[in-house]
Amino acid sequence: MQSFIDIFTSHKSERSFTDQPVDDAALGRIIEAAYRAPTSVNSQQVSLVVTRDAAKRAEIAQIAGGQPWIAKGAVFITLVLDMHKSRVAMDAIDQQQVAQQSIESIVSGATDVGIALGSIMAVARSEGLGIVPIGGIRRDPQAMIALLDLPEYTFPVAGVVIGHVDQPAAQKPRLPMPTFRHEERYQQAGLAQHIADYNAEMVQHWKTIGRSDGESWSESVSGYYSKIYFPDVLPALKKQGFGNDK
């Protein structure tokens with residue numbers, strides 16, 4: 001078994017999976033890790049929806065913009081920001097929940113989802129499985145809400161494919177460490193050159209693995225950040241009862 005430091009530093013998003021199912025006991029251990037992950041003020045504002053049904057996974061693949069690995073991987077887990085549970089708990093003692101009206105509830109809830117997602121990915125890889133996190137479910141959040149029958153005050157933030165790897169992916173290079181680790185204050189000096197160097201490294205990486213269409217990092221991130229690429233998130237959040245003006 002790999003050490004946990006090796007698991008974290010060798011992360012790869014796998015997109016090629018076999019048809020082999022994921023063992024129930026292994027899946028249970030993966031979910032237990034997320035279940036025990038910390039949450040803000042013990043709010044426990046994360047829920048998981050586990051999808052193993054092939055037809056539903058195929059539907060999620062289309063919702064996410066046509067990602068075939070979602071349909072191919074044995075398990076898809078949707079991580080849900082869940083303030084429905086806390087609302088029910090407060091109803092039981094005649095208290096009214098108002099926190100969901102604030103942007104803070106979305107930030108803290110998404111943070112807790114991220115912590116749970118990290119736990120899932122690490123433990124899945126420790127079990128010898130491959131993973132790929134999926135943000136594309138936010139492309140059409142209302143469709144995910146309907147498919148998973150999510151109640152008011154919940155929102156599907158992210159998902160993750162888990163399965164047995166067929167053709168392993170290559171690990172991508174990262175921006176230089178000085179763009180990530182800042183001592184005492186944010187260090188802006190040299191950032192443009194670090195990015196220029198990384199752009200060249202990424203282009204070479206794609207060539208090395210046989211991808212003639214590979215983009216630089218600047219080009220890749222521009223494909224997403226030059227527009228609002230998931231414009232239906234805010235309307236869906238509001239329809240689910242969340243606010244962003246407090």
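The same ILVMFWY cluster, assembled from side-chain heavy atoms under 4.5 Å apart, contains both Phe242 and Ile103. Ile115 and Leu79 fall into different hydrophobic clusters, defined by Ile, Leu, Val, Met, Phe, Trp and Tyr side-chain heavy atoms under 4.5 Å apart, directly or through other members. Residues Leu129 and Ile7 do not share a hydrophobic cluster, clusters being chains of Ile/Leu/Val/Met/Phe/Trp/Tyr side chains in contact below 4.5 Å. Under the 4.5 Å side-chain heavy-atom criterion for grouping Ile, Leu, Val, Met, Phe, Trp and Tyr, Val157 is connected to Val50 within one hydrophobic cluster.
No donor-acceptor distance shorter than 3.5 angstrom exists from the side chain of Ser226 to the backbone of Gly223, with no hydrogens or angles considered. Looking only at distances, no side-chain donor or acceptor of Gln96 sits under 3.5 Å from a matching main-chain atom of Asp94. Between the side chain of Trp206 and the main chain of Asp213, no donor-acceptor pair closer than 3.5 Å is present. Judged purely by atom type and a 3.5 angstrom limit, Gln20 has no side-chain atom pairing as donor or acceptor with the backbone of His164. Within the 3.5 Å criterion, the main-chain N or O of Val123 finds a donor-acceptor partner in the side chain of Ser126. Side-chain N or O atoms of Arg125 include none that pairs as donor or acceptor with a backbone N or O of Gly130 at under 3.5 Å. One N or O on the side chain of Gln171 and one on the backbone of His11 form a donor-acceptor pair closer than 3.5 Å. Using modelled atom types, no side-chain atom of Ser13 and backbone atom of Val132 make a donor-acceptor pair closer than 3.5 Å. Tyr35 contributes no side-chain N or O that, together with a main-chain N or O of Ser47, makes up a donor-acceptor pair within less than 3.5 Å. Distance alone, capped at 3.5 Å, places no donor-acceptor pair between the Gln100 side chain and the Gly243 backbone.
Inspection of the Glu104 and Ser102 side chains reveals no N or O donor paired with an N or O acceptor under 3.5 Å. Side chains of Ser218 and Asn199: a donor-acceptor N/O pair is present below 3.5 angstrom, by distance only. Side-chain N/O atoms of Arg36 and Ser119 include no donor and acceptor closer than 3.5 Å. Looking at Ser86 and Gln97, their side chains do bring a donor and an acceptor atom within 3.5 Å of each other. Between the side chains of Ser222 and Glu219, not a single donor N or O lies within less than 3.5 Å of an accepting N or O. Using a 3.5 Å distance cut-off with no hydrogens or angles, the side chains of Lys207 and Ser212 do not pair a donor with an acceptor.
Lys12 and Pro168 make their closest contact through NZ-CB, 3.9 Å (heavy atoms, listed as atom of the first residue, atom of the second, distance). Across all non-hydrogen atoms, the minimal contact from Gly136 to Gln67 is CA-NE2, 4.0 Å. Pairing each heavy atom of Phe4 with each of Ala122, the nearest pair is CE2-CB, 4.2 Å. Scanning all heavy atoms of the two residues, the minimum distance from Gly135 to Phe230 falls at O-CE1, 3.5 Å. Across all their heavy atoms, Tyr224 and Tyr229 have their closest contact at O-CD2, 3.1 Å. Across Pro235 and Pro231, no two heavy atoms sit closer than the pair CD-O, 3.4 Å.
Ile145 CD1 to Asp140 CG: the interatomic distance, rounded to the nearest 0.5 Å, is 9.0 Å. In this structure, the separation between OG on Ser105 and OH on Tyr153 is 10.5 Å, given to the nearest 0.5 Å. In this structure, CD1 on Ile131 lies 11.0 Å from CD1 on Ile77, to the nearest 0.5 angstrom. Atom CD1 in Ile63 sits 12.5 Å away from atom CD1 in Ile134 (nearest 0.5 Å). One distance of note links CZ of Arg138 with CG of Asp232; it measures 12.5 Å at 0.5 Å rounding. Atoms CG and CZ, from Leu237 and Phe155 in turn, are 4.0 Å apart once rounded to the nearest 0.5 Å.
Annotation for Ile209: atom CD1 counts as buried by contact number, over 12 foreign heavy atoms lying within 6.0 Å. Atom CZ of Arg211 has more than 12 heavy atoms from other residues, nucleotides or ligands within 6.0 Å.
Listed by first then second residue, pairs satisfying side chain to side chain donor-acceptor pair (under 3.5 Å) with a partner in residues 50-61 read Asp24-Arg52, not counting sequence neighbours.
A salt bridge links Asp19 and Lys72; the closest N-O separation between the charged side-chain nitrogens and carboxylate oxygens is under 4.0 Å. With respect to Glu183 and Arg181, a salt bridge is recorded, a charged nitrogen being found less than 4.0 Å from a carboxylate O. In this structure, Glu152 pairs ionically with Arg87, as a charged nitrogen and a carboxylate oxygen lie closer than 4.0 Å.
Taking the six-membered ring for Trp and thresholds of 30 and 60 degrees, Tyr186 and His182 have nearly parallel ring planes, at less than 30 degrees apart.
With respect to Thr154, the side chain to side chain contact (heavy atoms under 4.5 Å, CB included) criterion is satisfied by exactly one of Val49, Leu148, Leu81, Asp82: Asp82.
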